[in-house]
Every structure is written in structure tokens, then in C-alpha cells.
There are 2 protein chains.
Amino acid sequence: MRIGELAAATGTSTKALRFYEDSGLLPPANRTGSGYRDYEDDAIDRLNFVRRGRAAGLTLKQIREVIDIRESGTAPCGHVQDLLNTRIADLDRQISDLRTLRDTVVHLRDGAANANPADCRAEDVCRYL
Amino acid sequence: MRIGELAAATGTSTKALRFYEDSGLLPPANRTGSGYRDYEDDAIDRLNFVRRGRAAGLTLKQIREVIDIRESGTAPCGHVQDLLNTRIADLDRQISDLRTLRDTVVHLRDGAANANPADCRAEDVCRYL
DNA sequence: CTTGACCTTCCAGTGCGGTGGAAGGTCCAT
DNA sequence: ATGGACCTTCCACCGCACTGGAAGGTCAAG
């Protein structure tokens, strides 16, 4: 399987596949006599794993850590659990921060809705912000 | 007022102040005979405006747009209202996306909590992700 | 034999909001 | 006059996940 076929089969770009190889997410591909990358079907499994990790909001670095554990011969279950728990905690914090920010911005917007330009000192740029 | 004093007075770094000047968020500062930047007090007002904008999650580019409108002699109220309404819509979408993602990750975590390493194909790296 | 699609490597750039460091000038106190 | 704190410009780099493009090689069809 050539790189373009793998890209089409997995919905990635050839650029991204070479980047993934450089980043250690894909093992260095076998090469044909003329130097073209030649993939086995298991590259699809690997890319699906990367896609699932990305969908869970993991960074490529975190995904690579899981892969490295698997490659070292150990099942990565424990690490994956830690990763997911940390991810949930991060998401909770992000969501909470965004909600606080939303409240703030709504207050600003409500203030600005009744704005009177004459109230504003030009030095402040805009007193409603 | 020299750049270090302005930095201390506003909780920014001197690096950031020069960067803001280059970015058009601060007007080019007056210079002393020896070339040092020499700020008036209104630079503090301007930086407070930038800080408020940042706190509302606006990008420096958006903040600069508001400043440019003010500099052009127009009160930026209308633009600020649009900006804030768009910002609220963006925040709502972000929060909703993160909540969906959180649900997904919680399901994954719950699956992984009862993981049996023997269930996993090594090619999949980790079936719980 | 040429055309066009595909592949290779390598370097650079994207957006964001800055930070780091080098090389050099200035100011003030001792 | 010397030390140290401060200032100047300029260029490079951070993380993140790629993307764009140049210059060149390969392969199959017509």
C-alpha cells in the first residue's frame, strides 16, 4: 500500500503521514525498490488508534507515550486510565473556566447594549469592555 | 515614565510592551534624548483596556480593531457589541463541544477502568481508547 | 516518448502571544 | 571610573499539528 492509498483509506493527508512517521507515531515504513513507502494493513489500525486518541483530545505526544508503552511489550491500560482521568479533570476545569468567562462577557454585553458613546473617555477606548 | 516602570505599573513585561507597540496596540512612545521610551500616564489606561479585552477572551487583533475605530474618531460601541455577541456564541459552542467531549472521555474511562489487558490486540495499541 | 499522477526530501511558514538572548548604549551611585 | 541596573534593536524560538512549495525521481497509460 502506497502512502496515497493509506491516506485515502484513513482520511489523513500524505503530509500528515510523513509527519507522524517523523514523530514516532508510525514506525518507519518499508520501502519499495524505488524508495516509495510501502505500508502493511496494520498501519490502518495504528492510524485508527491515533484518530481515536485525537478524538479524545489527547496530544500527539500523549498518544505517542501510549504507543511507546505498547511497543515496549507492556499493556498500556494503566497509563491510558491515568491519561483519561487527567483529561476529564482538565475538561472540567476548562468548562468551568469558560462558563465563568461567559458570565463575564454576558455582563459586558448587557452593559454595552445600553451604551451611550458620550459616557466614554476616549483614553479608555471603550468603557463597556 | 520609562518602560520598566510602565511594566511594573501594569503587570506586563517590557518585552510584551515593545511587542504591543509593534502590534499597534500602543502608539509609538515618545523618546528621551538618549532613545529611551518615555510614557505618559494614558499608556496605563490603554494597557488596562488591553487587559480587559484579554480577560474577555478577545484576541490582540480584535482589541486592535476596537482601538483603531476609537483612533479613527468614532466611538467603537457598536463594534464592541458585535464582538461580544460573537464571543458569547463562540463560548457557547466551545462549552457545548467540551461537554460532548467530556461525555465521550468518561465513557472511555469507564471502559478502561474494567480493562483486561488480555482482551487487547497489540495492533490496536489499546482497545479502551 | 511524453504526459500526468504519484512519490521523494528538505526547508519554510502558519497563528497565537509572546519569551530569550546577544550586542551594545545609558544612567546613577559609589 | 566602575559596577550594576536599566535601556535599545534585532533575530530567533516556544508549542501545537500540521501545510505549502520547490526540486527532482518513478511509474503506467496512450
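Side chains included, hydrogens not; waters and symmetry mates left out as well; all remaining heavy atoms used. In this text the structure is predicted, and so the values were computed from the model without any measurement. In what follows, chains carry the letters A, B, and so on, assigned in the order in which the sequence lines appear, proteins first and then strands, with residues in each chain numbered from 1.
If you check D/dA17, D/dT9, C/dC10 against the side chain of A/Lys15, the one that comes closest is C/dC10. The B/Arg31 side chain lies nearest to D/dT8 when the options are C/dC27, C/dG17, D/dT8. For B/Arg2, whose side chain is taken as the heavy atoms from C-beta onward, the closest listed nucleotide among C/dC7, D/dC6, D/dT8 is D/dC6.
Note on A/Ser13: only backbone sugar-phosphate atoms sit closer than 4.0 angstrom, heavy atoms only; bases stay farther off. Among the atoms of the strands shown, base atoms are found under 4.0 Å from some heavy atom of A/Arg18. No contact: A/Ser23 has no heavy atom under 4.0 Å from any strand.
Looking at A/Asp103 and A/Arg99, no side-chain N of the basic residue comes within less than 4.0 Å of a carboxylate O on the acidic one, giving no salt bridge.
Here the straight-line distance linking atom CG of B/Asp92 with atom CZ of B/Arg87 works out to 10.5 Å at 0.5 Å rounding. Between the SG atom in B/Cys126 and the CD1 atom in A/Ile63 there is a gap of 12.0 Å [rounded to 0.5 Å].
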Check your understanding: Step by step, would you call A/Arg46 with A/Glu21 a salt bridge (Lys or Arg N to Asp or Glu O under 4.0 Å)?
Key -> CA-CA 11 Å; A/Arg46 173 62 64 92; A/Glu21 182 175 315; over 6 Å; no
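Judged by distance alone with a 3.5 Å cut-off, a donor-acceptor contact links the side chain of B/Tyr36 to the base of C/dG25.
Within the structure, every side-chain polar atom (N or O) of B/Tyr20 is placed at least 4.0 Å from both OP1 and OP2 of C/dG17.
Along DNA chain C, the nucleotide nearest B/Arg54 and the nucleotide nearest B/Thr32 are compared for position; the residue whose nucleotide lies closer to the 5' end is B/Arg54. When each of B/Gly4 and A/Ala16 is assigned the nucleotide of DNA chain D with its nearest heavy atom, B/Gly4 is the one assigned upstream, toward the 5' end.
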